[in-house]
Every structure is written in C-alpha cells, then in structure tokens.
Amino acid sequence: RKIYDYAGSVLNQSLRVNLDLEEEREARNRTLVFAAHMFVADKLLPPVLSDFTKRWPSAELVAHVGRSDEVARMVRAKEVDLGLVLSREGEVIAELRAEVIGRQDLIVIAAPNHPLARLKRVPISRLGEFPFMMPERGTEYHRRITSMLSDLGISNVKTSIQTPHMRNWYGLVKTSN
C-alpha cells in the first residue's frame, strides 16, 4: 500500500510539473518582448500597440525603450524578440536583419518668436545660420540627424542644446528665444 501511495504521489507531482511547464510554454508563446528607440516608442508605437492589444487581448507585451545602439545591443544579445529603431534609407545595423516598416520626415521647428518663424518658406541655406537642438553627441541618433542635415547642405551644424530625449524638445523650443 505504501508503495502504491508513494507512486500515486510521484505521479501527481509529475503531472503538476508538466502542467506548470505547459503553462510556462503557453505564456512564453503569448509574450512579445521588444525594444524601441525613444522616438518610436513615444510618437509612433502608441496607436500600433493599442491596435495590437485589441486584436490579441491574451498577448503580453514587454517593452524596453532606449537609444538605437541600446536597442541593437538587446537584439544581438537575444534579450528581446524584436527591435524598432529609426535609420536612414539603406542603412543596416551590423549583424542584424532589418526591414523598413515606415517612413518619417525630418522636420525643423522653431519658437514663435524665432526669426525664421516669421517666414512663410524657409530656405534650407538659412537653417545653417542658427544653432540646433540636437540629440546627444556621440549617439547614433546624433550621427543620423547630422548626416541628414549634411545631405541638405548644412555641414557645420551649430548646437545650442543637446538632449537625450526628443520628448523634451518641443517644450524647450517653445520656451526658447
């Protein structure tokens, strides 16, 4: 009888372990872990994530937000399933497969009292006369913006403020002179 009871106990424990493992596998299959560049996370993803959660309500999303180089590092290290970054047309981050999923325009904003704000059309050549608010020097985002400006003919970019987060830019520009 003792052996029978012991065997039953082991069998029950084994079934519980199998059920726990199956639940863990199912949970993993319903979880998407991703990393996104700060601008992508702040400005582009909210409507996409809203739609995603409506279409797949049982899915779990785990989001990490950072700079492009941090996102790329997380993808390389397999810490995330997917990385979302901004890049220039044709740019590829080393060792990663990339797919274009959208396009974003480069825009220039100025405070209402800025000399360029009074103009109906701003010639690109005039932009180089004024300092820019830029991403932090040394970051991939800074390099990308500098390259885009250079392509427009603005090669000596003057910087007034460096900030790691674009979410700060609009408030800073609005209150600047």
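For the atom pair CE (Met74) and CG (Asp81), the distance works out to 11.0 Å, reported to the nearest 0.5 Å. Taking NE2 of His114 as the start and CZ of Phe130 as the end, the distance is 5.0 Å to the nearest 0.5 Å. The distance from atom CG of Leu84 to atom OG of Ser68, rounded to the nearest 0.5 Å, is 10.5 Å. Rounding to the nearest 0.5 Å gives a distance of 7.5 Å between OG1 of Thr139 and NE2 of His37. The CE atom of Met148 lies 10.5 Å from the CZ atom of Arg143; values are rounded to the nearest 0.5 Å. The CD atom of Glu136 sits 12.0 Å away from the OG1 atom of Thr159 when rounded to the nearest 0.5 Å.
Within the structure, the salt bridge (charged side-chain N to carboxylate O under 4.0 Å, His left out) test picks out no pair touching residues 111-121 (sequence neighbours left out).
Closest non-hydrogen pair, Ile145 versus Pro135, comes out as CG1-CG, 4.1 Å. The two residues Pro112 and Ala117 make their nearest non-hydrogen contact at O-CB, 3.6 Å. Closest approach of Ile154 and Ile124 over heavy atoms only: CD1-O, 3.9 Å.
Among residues two or more places apart in sequence or in another chain, the side chain to side chain donor-acceptor pair (under 3.5 Å) test is passed with Gln162 by none. With sequence neighbours excluded, the residues forming a side chain to side chain donor-acceptor pair (under 3.5 Å) with Arg126 are Glu129, listed by chain and number. For Glu79, the salt bridge (Lys or Arg N to Asp or Glu O under 4.0 Å) partners are Arg73, not counting sequence neighbours. Considering only residues two or more places apart in sequence or on other chains, Asp69 meets the salt bridge (Lys or Arg N to Asp or Glu O under 4.0 Å) condition with Arg67. For Ser147, the side chain to side chain donor-acceptor pair (under 3.5 Å) partners at least two apart in sequence or on another chain are Arg88. Listed by chain and number, the residues in a side chain to side chain contact (heavy atoms under 4.5 Å, CB included) with Leu61 are Leu32, Phe34, Leu49, Phe52, Thr53 (sequence neighbours excluded). Every residue meeting the side chain to side chain contact (heavy atoms under 4.5 Å, CB included) condition with Val108, not counting sequence neighbours, appears here in chain and number order: Leu127. Applying the side chain to side chain contact (heavy atoms under 4.5 Å, CB included) criterion to Val48, with sequence neighbours excluded, gives Leu45.
The closest side-chain heavy-atom distance from Phe132 to Leu149 is below 4.5 Å. Looking at Val71 and His64, their side chains never come closer than 4.5 Å, going by heavy atoms from C-beta outward.
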